[in-house]
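As structure tokens, the structure follows; a few thoughts come after it.
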Amino acid sequence: MSIESLLRERFSRAIGLAFGSEFAGEPMVKAGDPKFADYQCNAAMALSRQLGRPPREVATEILRHVQLADVCEPAQIAGPGFINVRISTTWLARRLAELFTDSASKARGGVARAAQSATVVVDYAGPNIAKEMHVGHLRSSILGDAIARTLAFVGHRVVRQNHVGDFGTQFGMLIRHAKDLKLDTGEMPQISDLDSYYKQAAQRDKSDPQFAVEARQAVVALQSGDSEALRLWHWIRDESRRHCREIFEFLGITLSEADERGESFYADRLPLVVQRLSEALPMGGDGPYTGTSDIFHPQRQLDANGLNVDGTVEASEPQIVTKAFVAESQGALCVFLPGFVDKDKKPLPLIIRKGDGAYLYATTDLAALYFRIIEEKTTPDQTAPLDQNWHADRIIYTTDARQAQHFSMVFDTIRAAHWDINPVTKLPVVLQHAPFGSILGEDGKPFKTRSGESVKLRELLYEAVQRADAVVEKKNPELPIAARQLVARAVGIGAVKYADLRQDRITDYQFVWDRLLALDGNTGPYLQYTFARIRSIFRKAGEVPATAVTIMLETPQERDVARRILQFSDVVLAVLQDLKPHYLCTYLYDLCGSFSAFYESCPVLKAASPELRQSRLALCDLTAAVLKVGLSDLLGMELLEEM
RNA sequence: GCGCCCGUAGCUCAAUUGGAUAGAGCAUCCGCCUUCUAAGCGGAAUGUUCCGGGUUCGAAUCCCGGCGGGCGCACCA
């Protein structure tokens, strides 16, 4: 059990004894400012209001009942009613020794498995076919992967999903454009060629209305199984998949082909979804909107005074949807939901079938949700992880913040249709959009190449490795070239990933090479360096670490490292609570800071006694174990023995 | 216009979700390599937390009103 939950339990019990169990909920316990305490319990202030008694009196009462003698020094009351807890050094040492001895637990950095394993779908990366992956895919891939890794590590059944954009409107443009190109589809294309076809097609689509119309028709043809369209589709898709695999492999993203279920996968389910949705939700709506089509956009014209040309006054109150319903509007089949209005304050639809009969991303997302939560997957020819039912308990999307409204509408639709109920547990599925900001250049504007194009991932990652190589060559010229190349790759890629993960995902972040490859501060290279230093000690030690030791925490630095190591599991829980890997980055950076201070002031190999040497080696080993789990298992970065 | 997100040191970012004297790194200044990787460590200096109200024991955090920036708002994803 983590320190935090142990203390929470103790305080909860004390509060129950003092004031009755109805007050004993989750008392607030948090790691405190080291100036005052290792941990503090702030429950007294909150309780004082409920009890109508002064907070310090409440705190005194809690202290009278709390049992902490085995864990910490006598707790102190401070300020308005903080209860400060200083963990006893002998207790810390004992806990650490236990962790060190239990090799299975040590390999997990002391992180326990979740009490119950849930099925969690993580939907991330989601590149488009026929386009080279670019910086726009970077955050989703990196964040989603870190979240998926962390969920899996604590023991959940994680279903990774790469929702590839391979069957939507944009593909129609490609088909239409291809007609004029006379492509040789017998030969494997290059992703760079496809990328330029895509750009040409997009350009024509924008400037040529006739082309645009035919492109939309091509989508319908594709979605209804036209063989010529499908042949081209396969041709493009194969190369696109190869390209994505290459990028994922280079970046260390744990998405395999088995995880790929793009728009096309749901194609034949789309009419079904629309039909089921029409059955699950009322048709035509409530109140004054019943039955008629074009209910929100009557073809009325207003004169300069805001009067209809027939003389009636346009309703000044916005029309409000009170309950979700399906209706046809302007030829398109739509879901209308409470709380969504467009810029004219008219109800905003979620379009599930276009006027021309084609489906778009909302329909696909709904189909995917139905598939992930409800659909039975017992067909024997399906491959893992499709070979068993998912019945997801939680579904997480890492896509950029601009899609927040889209997901909010899709989730509301699912809930209105009661499709969010897990068929096995009968509990509501947790639907989460984990939005993130943009990547900006040093000038604070969207990260683009000089010519204004989006930066290709392949080039960006190549540059990261090149730059890292130059740094390594400068810092460690003795390193043989072969070793240096491995280091450069790990450092370069690690720096890019860490730069993304270390910052709160909701904010935009600036991509500045010199900053993310910096050797000091909260960067990938610094953390990797700390790990490499530890490994170096063990190489020099020339002995296998003992399996059991007495931990001695006689200096403040040793105690600080010990305290930090034991906080790890609480941080991992917080990451999963908020889906914010930057908590983990901040923690690991602090751990490295504590370790470096220890490293400076406490000789390990030349410690004053063999016992102290063993103890310090154990501290090094435990720090390395936490770094390995945090950096490698959870964040997906490579670690180095030497750099 | 409506909605969502953001605004913290010169710069880039934290702040365990309402807790104590708001913390790091960079840049600036001072000190430390004949001892385990100095890609490091120790120290100094740096703040009207965009502004104004409110809520309360206590606000960067919550509420209201401004200002500034980003994004979204019918057949693209």
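As the structure is a computational prediction, the values presented were derived from the model and not from experiment. Values below: all heavy atoms of this structure, side chains included; hydrogens, waters and symmetry mates excluded. Numbers restart at 1 for each chain; the letters A, B, ... are given by sequence-line order, proteins then strands.
Taking the six-membered ring for Trp and the full ring otherwise, His163(A) and Tyr124(A) have centroids separated by 6.0 Å or more.
Residue ring and base: Phe36(A) counts as stacked with A20(B) (centre distance below 5.5 Å, interplanar angle below 30°).
Atom P of U34(B) sits at a distance of 47 Å from the matching atom of C50(B), rounded to the whole Å.
If you check C26(B) for Watson-Crick or wobble pairing at under 3.5 angstrom, you find it paired to G10(B). When both pairing distances are held under 3.5 Å, G3(B) makes a Watson-Crick or G-U pair with C71(B).
At the heavy-atom level, Asp508(A) lies under 4.0 Å from the strands shown only through sugar-phosphate atoms. Nucleic acid contact class of Met28(A) (heavy atoms, under 4.0 Å, all strands): sugar-phosphate only. Base contact: Leu605(A) has a heavy atom under 4.0 Å from a base atom. Contacts of Gly355(A) with the nucleic acid, taken as non-hydrogen atoms under 4.0 Å apart, include base atoms.
Taking the charged nitrogens against the carboxylate oxygens, Asp38(A) and Arg563(A) do have a contact shorter than 4.0 Å, which makes a salt bridge. Comment: Arg216(A) does not engage Asp356(A) in a salt bridge, judged by the lack of any side-chain N to carboxylate O separation of less than 4.0 angstrom.
Judged by atom type and distance alone, Asn84(A) reaches the base of A20(B) through a side-chain donor-acceptor pair under 3.5 Å. With hydrogens and angles left out, the side chain of Gln40(A) and the base of A20(B) share a donor-acceptor pair within 3.5 Å.
Across the protein-nucleic acid pair, Tyr526(A) atom OH and A39(B) atom P stand 12 Å apart, rounded to whole Å.
Nearest nucleotide to the Met45(A) side chain, out of C73(B), C57(B), A39(B): C57(B).
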